[in-house]
Amino acid sequence: MPASKTSRKMTARSSKMTGGLEKAPHRSLLSALGLTHEEMRRPLIGIANSANEIIPGHMHLDRIAQAVKDGVRMAGGTPMEFPVIGVCDGLAMNHEGMRMSLPSRELIADSVEIMATAHPFDALVLVPNCDKVVPGMLMAALRLNIPTIVVSGGPMLAGEVRGKRVDLINVFEAVGRVKLGKMDEAELSELEDNACPGCGSCAGMFTANSMNCLSETIGLALPGNGTIPAVHAARIRLAKEAGMQIMELLKRDIRPRDIVTEKSVKNAVTLDMALGCSTNTVLHLPAIFREAGLDLDLTIFDEVSRNTPNLCRLSPAGAHYIQDLHAAGGIQAVMAELASAGRIETGAMTCTGKTVGENLAENKSRVRDYEVIRPVNEPYAHEGGIAVLMGNLAPQGAVVKQSAVVPAMMRTTAKARPYDSEEEACAAILAGDIKPGDAVVIRYEGPKGGPGMREMLTPTSTIMGMGLGESVALITDGRFSGGSRGAAIGHVSPEAASGGMIGLVQDGDLIEIDIPGRRLNLLVDEAELARRKAVFKPKRKKINSPFLKRYAARVSSAAQGAVLE
């Protein structure tokens, strides 16, 4: 637990680099940057900027970072910007690049820790937006435990094609439609050019927007961070406010571990379920809270899910987008609606310097559109968006976004069609080998076996596009994009590479899927399972990347957040 405020030394952290006679060489180097001695005497605020020209959600982050720096200067600090890498999951999808996505989270956390320790900033403002960058930066914030605020780049607006709003998931699913002859390539080309209209994190409740919304919920980002569109001037104003507010947090010595407590853990998981967030949050939240010394296992997600109403159905689960959630009142409105039923810890501290309850009262937070944010007593469903399944196929658990599963697939018995890689499964789906009633089983794609636990958006989208979403399940020890929908069951643990039962599945086996009952079972008798176990030797893939070799050797199970041990 963090030290009490009274026991903390209030000496400027940056004085290790700027203060005293013996730091004259250090000041000389800072002078080479163009800093004046007055700027060196002010608090030094590290600005971790993940801008690049590869990720649409990050191409505008230089503007966000500049606004943060303007805010820091207005409040009397000296901003010092440094870069952070980022992987675009959409561009890395369905090839070897996706093996690097989840592991990049650990590198991002480590690199921010390295920069903020080698150059002892007094505080940090983190500027992420997409995929693994947000959780990686949050992990670093809790590890370093110096005053920190997150301000993301904001969500992309939905695109429009022939009068219909669309996003990236429509393009993924269109591939299957073209394969079936239900869409021609000219229409696909039009969709390609218009589904992603500009900068920002993809428009639905996918991983990036899930984590940006939960950053606000946890209290490490200012109100509005999760939903203000990337192209709105309000996003620039929010960045300036974050730059000014970090100086207030520094003055009051409010640190991440003062904000991230058991109360904020409960709020994060509650909002996760109410919003219907990506299943990737079940990997990221445990990894983030672990850095604060707080345990968060799968049983907590399931317990909260059973008792939290699902208030939002955003793409891919429904027709609404993040911009609609923003217009309806945003994350603060969802929290206010839940708080009205006593489901939010309103006493949790936030980076505003005030509690959740004080923020809600001060901002007069309320729902402006009950079509987008349902009333707590009239939800889309009485359980949360995510369910955790247990059974002999997943004794440590598996995860499904139940809010995106059609009723016909909530309880079913399916015939297993096992494949040892995503590529093999995709080829079979596109070839028409998968029939109604099948369960595509993709294994050796877990954290160790992949390695890297690739997302399976391509096979899930192809299943939907080929009209099989109401009759075919997909089960994997890999993971899914927040854009996946249908009976997509991931994070099966233990994974095949660790000797998990998923490695024993044979073609034609029956699998029981009971999402309401939280069961996932391989319906094979014990004698046969014992025979298979006796001869089973997990496959070992050849790994050429030195980085992935190190990752595979140290990464934990998905059930523990796929953290490095």
Side-chain angles (χ1 to χ4, degrees), residues 56-57 60 64 129-130 151-161 163-170 194-217 221-239 241-242 271-278 309-340 344 352 356 359-380 385 403-404 482-483:
H60 65 305
I64 302 295
N129 207 27
C130 291
V151 57
S152 72
M156 185 186 292
L157 297 177
E160 186 172 323
V161 174
K164 178 184 177 183
R165 294 198 302 175
V166 294
D167 62 21
L168 181 64
I169 303 309
N170 296 97
N194 292 283
C196 301
C199 66
S201 46
C202 295
M205 188 54 82
F206 315 142
T207 304
N209 288 324
S210 294
M211 292 310 304
N212 285 325
C213 289
L214 294 182
S215 298
E216 180 179 338
T217 303
L222 293 172
N225 181 74
T227 60
I228 296 173
V231 295
H232 284 196
R235 178 61 59 174
I236 299 298
R237 295 196 298 270
L238 183 75
E241 289 166 5
L271 262 288
D272 192 349
M273 299 307 155
L275 292 169
C277 289
S278 164
N310 179 216
L311 304 185
C312 301
R313 288 281 168 95
L314 303 160
S315 176
H320 299 133
Y321 296 91
I322 301 296
Q323 66 203 66
D324 302 317
L325 177 59
H326 181 65
I331 299 306
Q332 299 298 302
V334 180
M335 293 182 80
E337 185 66 22
L338 290 165
S340 70
I344 288 293
T352 65
V356 168
N359 289 340
L360 295 178
E362 185 174 297
N363 297 326
K364 297 182 173 60
S365 301
R366 60 180 180 82
V367 177
R368 301 191 188 104
D369 185 344
Y370 279 108
E371 287 299 310
V372 178
I373 305 171
R374 287 284 183 88
V376 73
N377 58 348
E378 296 179 26
Y380 281 102
S403 59

Query - Glu371, CD: over 12 other non-hydrogen atoms inside 6.0 angstrom - result: no
Report task. Heavy atoms only: give me the nearest Val334-Cys312 pair and the separation to one decimal. Result -> CG2-SG, 4.3 Å
Report task. Kindly indicate whether the side chain of Leu338, heavy atoms from C-beta on, has any atom under 4.5 Å from the side chain of Pro309. Result -> yes
Query - Close side-chain approach of Val161 to Asn170, heavy-atom, < 4.5 Å - result: no
Query - Spatial distance of atom CZ (Arg366) from atom CZ (Arg368) [nearest 0.5 Å] - result: 6.0 Å
Query raised in the report: Is there a donor-acceptor contact under 3.5 Å from the side chain of Asn212 to the main chain of Leu214?
Result: no
Query raised in the report: Do Arg235 side-chain atoms and Ile228 backbone N/O form a donor-acceptor pair below 3.5 Å?
Result: yes
Query raised in the report: Under 3.5 Å, is there a donor-acceptor pair between the side chain of Ser201 and the main chain of Ala208?
Result: no
Requested in this report: For the residue pair Leu271 and Ile344, establish whether any side-chain heavy-atom pair is separated by less than 4.5 Å.
Outcome: yes
Query raised in the report: Do side-chain atoms of Asn209 reach the backbone of Gly204 as a donor and acceptor pair under 3.5 angstrom?
Result: yes
Report task. Determine yes or no for a side-chain-to-main-chain donor-acceptor pair under 3.5 angstrom, with Glu160 supplying the side chain and Asn194 the backbone. Result -> no
**Report entry** Closest non-hydrogen atom pair between Leu238 and Gly224, with its separation
**Finding:** CD2-C, 4.2 Å
Query raised in the report: Can you name the nearest heavy-atom pair linking Gly330 to Ile373, along with the distance?
Result: O-CD1, 4.1 Å
Query raised in the report: Between atom OH of Tyr370 and atom CD of Glu337, what is the distance when rounded to the nearest 0.5 Å?
Result: 4.5 Å
Query raised in the report: What are the two closest heavy atoms between Gly276 and Met205, and how far apart are they?
Result: O-CG, 3.7 Å
Report task. Check for a donor-acceptor pair, side chain of Asp324 on one end and backbone N or O of Tyr321 on the other, with a separation under 3.5 Å. Result -> yes
**Report entry** Minimum-distance pair of heavy atoms, taken over all atoms of Ala203 and Asp167
**Finding:** CB-CB, 4.4 Å
Query - Heavy-atom check, side chain of Asp272 versus side chain of Ser210, under 4.5 Å - result: no
Query raised in the report: Do Pro379 and Leu311 have side-chain heavy atoms sitting under 4.5 Å apart?
Result: yes
Requested in this report: Rounded to the nearest 0.5 Å, what's the gap from OG on Ser403 to CG on Asn310? Could you check?
Outcome: 5.0 Å
Query raised in the report: Taking the side chain as C-beta and beyond, is there a heavy-atom pair between Met335 and Ser365 under 4.5 Å?
Result: no
Query raised in the report: Which heavy atom of Glu216 sits nearest a heavy atom of Leu222, and at what distance?
Result: CG-O, 3.8 Å
Report task. Would you mind telling me which of His326, Gln332, Gln323 makes a side-chain contact (heavy atoms from CB on, under 4.5 Å) with Thr227? Result -> His326
Query - Asn129 side-chain N/O to Gly154 backbone N/O, donor-acceptor pair under 3.5 Å - result: yes
Query - Ile331 vs Asn225 side-chain heavy atoms within contact, under 4.5 Å - result: no
Query raised in the report: Roughly how far, to the nearest 0.5 Å, is OG1 of Thr217 from CE of Met211?
Result: 10.0 Å
Query - Reported CG-to-CD1 distance for the pair Leu157 and Ile322, which is rounded to 0.5 angstrom - result: 11.5 Å
